[in-house]
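Notes to accompany the following structure.
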Amino acid sequence: MNEQQRADGSLRHLITLENLPRPLLERLLDHAQSLARPLGARAPVSRALAGCTVANLFTEPSTRTRVSFELAAKRLGADVVNLEVQLSSRVKGESMLDTVFTLQSLHIDALVIRDAEPGVPSTVAAHVAPHVSVLSAGEAHVSHPTQGLLDALTIRQHKPSFETLSIAVVGDIRHSRVARSAFHVFRALGVADLRIVAPPPLMPEPGEFSGCARHTALESGLKDVDVVMMLRIQTERMAQADLPDADHYYTSYGLTPERLALARPDAIVMHPQPMNRGIEIASEVADGPQSVIRDQVRNGVAVRMAVLSEVLAWRSAG
Ligand code: NCD
């Protein structure tokens, strides 16, 4: 049993997708799919989590992830409090754990944490009371589990089966939590041909991403793939001297319409955002017919509703 699960197999914390059982991942994706609505349709709303409180504790910037966790909680009837670093007492020297214990005393049921330091979500999870769940909204370069789930859901909506897919993840793999969570969920769902494409300095260490083909040329990496997942260069995790030159990067690794033509004609293009148009992706591609980038954002709310329902279900049952 994974340490994030309760004895009955339900999910208590979501800190990483690594080693989560496939049936649990599929249950979350099925539930999220049942909550997904086309653009323009009214969002699904329930009172399933009425009386529960979710706290968003973000010490790194976020737009999509924070807003979608907030909407997900509200659409399930939960109360939400948002704490940003400038507002929290962390800047006054209070430790993360003291902040967490304060929130716990205020009857928080789930803590959604984004932090630039590796290990913070699991440290918090090890210290909270048994009724509190910890959900990672992005841990350093290590993991971003709800992003991995929403990426899997987006692919599932466009492709018949994971087993037959070729997926290329392109860009700053080395510093990317999105790539690591994608790797874990795609592997668990049976993707056989998973490629990572990056210039040598942005490749992960050899022990990581085991079983993935590594391509330093974008052209070979894109050949006949079904899914192209583009990533941003994580400048905030790099020393100034290591930053690649933007023009040079676009020339070698930018996804242009010509390069996208190397993938299968029905390939989909993904990006977790924020996007740097003209650096890792051309605007014609980002806004083009093969792009599912806006679907990813929409699916983020459905996935976070499914995760919150799963970890807090025992609350609503009681
Ligand atoms: C990503 C993140 O924060 O890890 N964004 C997101 O959550 N959608 C990717 C990034 O910052 O490049």
Side-chain angles (χ1 to χ4, degrees), residues 14-18 32 56-73 82 84-85 112-121 135-155 168-186 196-199 202 204 208-209 227-238 242-244 246 249-250 253-255 268-281 285-286 291-308:
L14 183 60
I15 292 167
T16 175
L17 298 177
E18 191 170 8
N56 283 324
L57 185 49
F58 281 56
T59 66
E60 264 195 325
S62 172
T63 311
R64 281 156 292 272
T65 307
R66 196 197 57 70
V67 170
S68 60
F69 261 113
E70 178 171 357
L71 287 175
N82 291 308
E84 282 159 29
V85 71
V112 179
I113 297 180
R114 169 172 285 201
D115 200 87
E117 206 181 300
V120 169
L135 307 177
S136 168
E139 173 189 355
H141 64 284
V142 177
S143 107
H144 195 350
T146 54
Q147 180 74 40
L149 290 171
L150 76 86
D151 289 338
L153 181 64
T154 306
I155 293 172
V169 186
V170 182
D172 183 5
I173 316 278
R174 187 180 187 87
H175 302 101
S176 176
R177 55 193 177 206
V178 175
R180 286 181 177 78
S181 285
F183 168 67
H184 292 136
V185 71
F186 296 162
I196 54 175
V197 185
L202 301 182
E208 285 197 284
F209 292 85
V227 177
V228 187
M229 183 187 277
M230 301 305 295
L231 300 173
R232 179 176 71 89
I233 299 173
Q234 308 278 173
T235 46
E236 69 278 25
R237 297 184 196 129
M238 295 168 76
D242 297 334
L243 294 181
Y249 187 85
Y250 186 67
Y253 292 96
L255 187 63
I268 55 170
V269 175
M270 304 174 71
H271 192 305
Q273 304 198 67
M275 265 186 293
N276 294 304
R277 294 164 183 264
I279 299 182
E280 72 266 7
I281 192 165
V285 175
S291 170
V292 297
I293 295 170
R294 292 181 196 160
D295 297 6
Q296 289 174 269
V297 181
R298 199 162 59 244
N299 284 329
V301 182
V303 155
R304 290 166 181 128
M305 286 176 82
V307 169
L308 283 167

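In each ligand, atom 1 is the first atom listed, and ligand 1 is the first ligand listed.
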Fill in: Test ring pair (Phe, Tyr, Trp, His ring centres under 6.0 Å) applied to Tyr250 - qualifying residues, sequence neighbours left out
none
Worksheet item: Got a salt bridge between Arg180 and Glu18, using NZ or NE/NH1/NH2 to carboxylate O under 4.0 Å?
Response: no
Worksheet, complete the sentence: Arg298 meets the salt bridge (charged side-chain N to carboxylate O under 4.0 Å, His left out) criterion, sequence neighbours left out, with Asp295
Worksheet item: Ignoring hydrogens and geometry, is there a side-chain-to-backbone donor-acceptor pair from Arg304 to Ala72 under 3.5 Å?
Response: no
List, pair by pair, the atoms of ligand 1 and of the protein that are both N or O and lie under 3.5 Å apart, giving the separation rounded to 0.1 Å.
residue  : atom   : partner : partner atom : Å
ligand 1 : 3 (O)  : Arg114  : NH1          : 3.3
ligand 1 : 3 (O)  : Arg114  : NH2          : 3.3
ligand 1 : 3 (O)  : Arg177  : NH2          : 2.9
ligand 1 : 4 (O)  : Arg177  : NE           : 2.7
ligand 1 : 4 (O)  : Arg177  : NH2          : 3.4
ligand 1 : 5 (N)  : Gln273  : O            : 2.9
ligand 1 : 7 (O)  : Thr65   : OG1          : 3.1
ligand 1 : 7 (O)  : Arg114  : NH2          : 3.1
ligand 1 : 7 (O)  : His144  : NE2          : 2.7
ligand 1 : 8 (N)  : Gln147  : OE1          : 3.3
ligand 1 : 8 (N)  : Pro272  : O            : 2.9
ligand 1 : 8 (N)  : Gln273  : O            : 3.2
ligand 1 : 11 (O) : Arg232  : NE           : 3.4
ligand 1 : 11 (O) : Arg232  : NH2          : 2.9
ligand 1 : 12 (O) : Arg232  : NE           : 2.7
ligand 1 : 12 (O) : Arg232  : NH2          : 3.3
ligand 1 : 12 (O) : Gln234  : OE1          : 3.3

Fill in: Pairing residues for Arg64 by the salt bridge (charged side-chain N to carboxylate O under 4.0 Å, His left out) criterion, not counting sequence neighbours
none
Worksheet item: Got a donor-acceptor contact below 3.5 angstrom from the Gln296 side chain to the His271 backbone?
Response: yes
